[in-house]
Peer 1: 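Starting off with a structure, shown below.
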Amino acid sequence: MALTREQMAQRVARELEDGFYVNLGIGIPTLVANYIPDGIDVMLQSENGLLGMGRFPTEDELDPDMINAGKQTVTARPGAAIFSSAESFAMIRGGHVDLTVLGAFEVDQNGNIASWMVPGKLIKGMGGAMDLVAGAENIICTMTHASKHGESKLLESCNLPLTGAGCINRVLTDLAYLEIKDGAFILKERAPGVSVEEIVEKTAGKLIVPAHVPEMTFEESA
Amino acid sequence: MALTREQMAQRVARELEDGFYVNLGIGIPTLVANYIPDGIDVMLQSENGLLGMGRFPTEDELDPDMINAGKQTVTARPGAAIFSSAESFAMIRGGHVDLTVLGAFEVDQNGNIASWMVPGKLIKGMGGAMDLVAGAENIICTMTHASKHGESKLLESCNLPLTGAGCINRVLTDLAYLEIKDGAFILKERAPGVSVEEIVEKTAGKLIVPAHVPEMTFEESA
Amino acid sequence: MAGFDKRVFSYEQAMEGIEDGMTIIAGGFGLCGIPENLIAEIKRRRVKDLTVVSNNCGVDGFGLGLLLEDRQIRKIFASYVGENALFEQQMLNDEIEVVLTPQGTLAEKMRAGGAGIPAFYTATGYGTPIGEGKEVREFNGRPHILEEAMTGDFAIVKGWKADRYGNVVYRHTAQNFNPMAATAGRITVVEVEEIVEPGELEPSQIHTPGIYVDRIIQGSFEKRIEKRTVRS
Amino acid sequence: MAGFDKRVFSYEQAMEGIEDGMTIIAGGFGLCGIPENLIAEIKRRRVKDLTVVSNNCGVDGFGLGLLLEDRQIRKIFASYVGENALFEQQMLNDEIEVVLTPQGTLAEKMRAGGAGIPAFYTATGYGTPIGEGKEVREFNGRPHILEEAMTGDFAIVKGWKADRYGNVVYRHTAQNFNPMAATAGRITVVEVEEIVEPGELEPSQIHTPGIYVDRIIQGSFEKRIEKRTVRS
């Protein structure tokens, strides 16, 4: 079965390492913060100028001057730092963020990503996404593997206007976890109960399937 | 008679306007701070990261973490700001400093300045001088009009390697106050007792001499 | 106003000199840290054909969204312009020109504008529509595009505290684009919650040194929250 | 060292990994705000063929001047290298290569290095020996030269206070080049006068956020004064 949004967040969270500075995009990436493994401490960077984003505030803590890049009211954890947008993107552009997790419409076998613009539809802007994909060395894209109509979003070449060129090396879809290397997707794991055949069928780009593709496991309670 | 260093500083100080942010170089420019006219408030910028340089410290105030660009121990006046070197030169390069006063070896009729390097002699470096002359719109050079051997330092074209090209518009020498415009020095004032003839003789670059060249006046007490 | 006393005492004075066709650089991210009263004054003055440089364009009826109501903005440089029905309508009708700019590039363009750096290279946007028509050059084996600095006739900024000299500190994430905007205006106007005496702000803790600031005004602020999110 | 605890407890640990031929970016202006104990540790380790990026090169027997005694520096990028007889001698003997760099350009090169800006244009140095061989381009009717970013294998920085996470504040004008240096090291080591608990530093008043910092060490400092100037 395809992963739920929560399971996707859980799976991504396993890529976190102790001491990582992490930027989480809007949507599923944001949920990753709920599944940080025990014994692992990560510092969340929010590109509007906050390093060390904490939990959502209580009613008493609510402060309009304290928001995250998704414009939600948040708190800062002890040891947080707050700075200007120029400083924030200096961190991002300068490659100081250890892991960036963000959504995508399409990804291709050369690591291109399209995530901000569907021609003919209203364009709201790229926000910080282009800076994030250009600046990070370590990016995980979270996305559905195919559209509702079954059309693959893991392509030979992106159809939509790009957010960044050749910058994505890992993709987590609702069906699989894949790496991108040397012009191909490499299937690393599959969602519980999802067959390799289904993944092959729904991957339009070049896909390398190793002899053994382990199934992801999730705790019942999660 | 040629101006003393103190008189040169006094004369430059008359160019200060209330509310000016001013960067004063080492030497005679530093002395300008002693002659700020009554009723005029200026804020001194020191390029190592201090806006609002105050007086020298007393023994009790002495603090090794508080120096100016000349590496002298200083104080900060109330309302000062302290910042990084990048921010300091953002101010300078961005044209936010109202007046820069600095010394020079040579200046020419096209506003070129040479102030940092004498080939064959030991070169200690330009410090912030190149940034200052490139960033300021309003610069006064203080210098002697001619060498001890009588060779002019106000030239048709600088002989020494430049600090900046086409950036100087005002020069105060020990003999005269001049402006530079359209490829010529314009004689605006002469030192008390110094004849126009002497200035003409000691100016190698193109010099425009108006019909009347007023003599500078200084108070006896100064 | 003598010496370095940059206080003004009315919003009319604060925005004196703004004219049709000018470029306004604005601080703020979403509705956080926006110069809400300066924007309202621009609306009141009915100046038109403005070019606005701001990460966002407010929401319907608040922030820069106010300037849409009478079509005062002709062109906007922004990274994200959602959350605003009137904006969408004007964009679809070609009544407003939108130059979408990556957020980090936008911040850096403002900073460069204030810092006298006319242009810089960045990898951001290479290979995307943002890079089209821009010079590409390789550094360290990687293609980068050339981006130019931005400055404005006015910069409008929201601070927390300032002294009379225009030294400003920002509160929490209301800092965002404000410090860069403050450096990039030919005339920089900062509205703050409190004006203190020179010397009350610790010199090394000032975010925006007064040299960048032309006018300071003390105001009161609604500080509307865009996405109120709380835990129980 | 777990999570974000970046403390080390000896200078040997602080400079672990430094090797012959590496590039070191150093904070400090004159002798103010220099990482004096980290420099002393580099001397102790006798690493050679170093490239140093620093505004100055210390004085005889103190600061970076210490590294001249055993000829550990092969090349230095600096804006001003006076006040040092040994330095002069090595320069005249071509035992050290000096790349004189305008002070503001040097600061901006470090900042660009840390910020992922590979190159920028500046008017500084155009028409001078500094501009020779560099690309010239006109912006706003004025010629500018292209300057490239700088990064180092190590950055050595002197702070005032830091928390365990590596968030740093600087004291007075001991800030100078330190914040930019801190961003530009592959390994950034900061020595401070006091290490405090996370949460003790006000988040919006931190000069160097911990993300740039790899190691923090608490030390004691001589803080030699170069030009003691007092009034009576």
Side-chain angles (χ1 to χ4, degrees), chain B residues 46-50 53 55-76 80 82-93 95 112-114 116-117 119 122-135 158 161-167, chain D residues 27 29-33 55-56 78-84 87-88 91-92 98 100-108 110-112 122-131 142-144 160 170-180 207 221-232:
Chain B
S46 196
E47 65 264 28
N48 59 316
L50 171 58
M53 183 163 60
R55 298 171 63 180
F56 293 122
T58 61
E59 285 287 347
D60 286 349
E61 292 167 337
L62 192 76
D63 186 333
D65 289 338
M66 196 69 208
I67 68 168
N68 66 15
K71 291 161 194 165
Q72 297 169 308
T73 44
V74 290
T75 58
I82 295 174
F83 34 81
S84 73
S85 301
E87 182 66 49
S88 186
F89 283 94
M91 284 173 198
I92 290 167
R93 199 191 301 107
N112 298 319
I113 172 174
W116 71 286
M117 180 185 182
L122 186 74
I123 308 309
K124 298 199 170 186
M126 70 295 286
M130 284 191 183
D131 308 281
L132 280 159
V133 298
C158 288
L162 297 188
T163 308
C167 48
Chain D
F29 180 93
L31 299 182
C32 182
N55 189 58
N56 311 89
S79 88
Y80 193 80
V81 290
E83 345 289 5
N84 197 318
F87 190 95
E88 295 186 10
M91 195 160 84
L92 292 171
V98 183
L100 289 173
T101 308
Q103 196 173 131
T105 295
L106 189 67
E108 193 67 12
M110 289 186 193
R111 191 236 172 221
T122 176
T124 300
Y126 169 74
T128 79
I130 298 310
R142 207 176 156 200
H144 291 74
W160 178 30
Y170 304 96
R171 188 165 173 275
H172 302 333
T173 61
Q175 182 172 165
N176 57 60
F177 280 84
N178 281 297
M180 286 73 70
H207 293 120
F221 298 84
E222 176 185 338
K223 294 195 187 180
R224 196 179 292 185
I225 293 176
E226 205 163 340
K227 292 190 187 165
R228 182 190 182 88
T229 317
V230 294
R231 67 187 156 97
S232 44

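So that the names make sense, note that chain A is the first sequence line, chain B the second, and so on, each numbered from 1. Remember, it's a predicted structure, so these values are computed and weren't measured experimentally.
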Peer 1: If you count heavy-atom pairs within less than 4.5 Å of chain B, which of D:Arg111, D:Met180, D:Arg142 leads?
Peer 2: D:Met180

Peer 1: Write down the atom of B:Trp116, the atom of D:Leu100, and the distance for their closest heavy-atom approach.
Peer 2: CZ3-CD1, 3.8 Å

Peer 1: Using a 4.5 angstrom heavy-atom cutoff, name the option from B:Met66, B:Glu87, B:Glu47 with the most pairs to chain D.
Peer 2: B:Met66

Peer 1: Pick one of side chain, backbone, both or neither for B:Ile123, based on which atoms fall under 4.5 Å of a heavy atom in chain D.
Peer 2: both

Peer 1: When heavy-atom pairs shorter than 4.5 Å are enumerated against chain D, which of B:Leu162, B:Thr73, B:Asp63 gives the highest number?
Peer 2: B:Thr73

Peer 1: Are D:Thr105 and B:Asp131 packed together at the side-chain level, in the sense that at least one heavy-atom pair is separated by less than 4.5 angstrom?
Peer 2: yes

Peer 1: Say whether, by atom type as modelled, one donor and one acceptor occur between the side chain of D:Thr173 and the main chain of B:Asp65 under 3.5 angstrom.
Peer 2: yes

Peer 1: Using non-hydrogen atoms and a 4.5 Å limit, figure out which bit of D:Thr122 sits close to chain B: side chain, backbone, both or neither.
Peer 2: side chain

Peer 1: Given heavy-atom pairs under 4.5 angstrom as the criterion, report whether the side chain, backbone, both or neither of B:Ile92 touches chain D.
Peer 2: neither

Peer 1: B:Thr58 versus D:Arg231: any side-chain heavy-atom pair under 4.5 Å?
Peer 2: yes

Peer 1: What part of D:Met110 is in contact with chain B, defined as an atom under 4.5 angstrom from a non-hydrogen atom: side chain, backbone, both or neither?
Peer 2: neither

Peer 1: More than 12 non-hydrogen atoms from neighbouring residues, nucleotides or ligands closer than 6.0 Å to OH on D:Tyr126, yes or no?
Peer 2: no

Peer 1: Looking at D:Gly30, D:Pro102, D:Ala174, D:Ala107, which makes the most heavy-atom pairs under 4.5 Å with chain B?
Peer 2: D:Pro102

Peer 1: Looking at B:Arg93, B:Lys71, B:Gln72, B:Met117, which has the largest count of heavy-atom pairs under 4.5 Å with chain D?
Peer 2: B:Lys71

Peer 1: Tell me, for D:Asn56 versus chain B, whether the close heavy atoms (under 4.5 Å) come from the side chain, the backbone, both or neither.
Peer 2: side chain

Peer 1: Distance check, rounded to the nearest 0.5 Å: D:Gln175 atom CD versus B:Ile82 atom CD1?
Peer 2: 8.5 Å

Peer 1: Between the side chain of D:Thr124 and the main-chain N/O of B:Ala134, is any donor-acceptor distance below 3.5 Å?
Peer 2: no

Peer 1: Sort D:Leu92 into side chain, backbone, both or neither according to what part of it lies under 4.5 angstrom from a heavy atom of chain B.
Peer 2: side chain

Peer 1: Given a strict heavy-atom distance threshold of 4.5 Å, which part of B:Thr163 is in contact with chain D: side chain, backbone, both, or neither?
Peer 2: backbone

Peer 1: Taking all atoms of both residues into account, what is the closest heavy-atom pair of D:Val230 and B:Phe56, and its distance?
Peer 2: C-CB, 4.2 Å

Peer 1: Kindly compute the distance separating CZ (D:Phe29) from OG (B:Ser46), expressed to the nearest 0.5 Å.
Peer 2: 7.0 Å

Peer 1: Using heavy-atom distances under 4.5 Å, tell me whether B:Asn68 contacts chain D through its side chain, its backbone, both, or neither.
Peer 2: backbone

Peer 1: Are side-chain heavy atoms of D:Ile225 and B:Leu62 found at a separation under 4.5 Å?
Peer 2: yes

Peer 1: Tell me, out of B:Ser84, B:Cys167, B:Ala129, B:Pro161, who's got the most heavy-atom pairs with chain D below 4.5 Å.
Peer 2: B:Ser84

Peer 1: In plain terms, say whether D:Arg228 and B:Glu59 are close enough for a salt bridge, that is, a side-chain N and a carboxylate O under 4.0 Å apart.
Peer 2: yes

Peer 1: When you compare the side chain of B:Phe89 with that of D:Gln103, does any pair of heavy atoms fall below 4.5 Å?
Peer 2: yes

Peer 1: I'd like to verify something: which residue of B:Gly164, B:Gly166, B:Gly49, B:Ala86 has the highest number of heavy-atom pairs under 4.5 Å with chain D?
Peer 2: B:Ala86

Peer 1: Rounded to the nearest 0.5 Å, how far does CE of B:Met130 lie from OG1 of D:Thr101?
Peer 2: 10.0 Å

Peer 1: Less than 4.5 Å to any heavy atom of chain D: does that hold for the side chain of B:Glu61, its backbone, both, or neither?
Peer 2: side chain

Peer 1: Is D:Ile130 close to B:Met126 at the side-chain level, that is, under 4.5 Å between some pair of heavy atoms?
Peer 2: yes

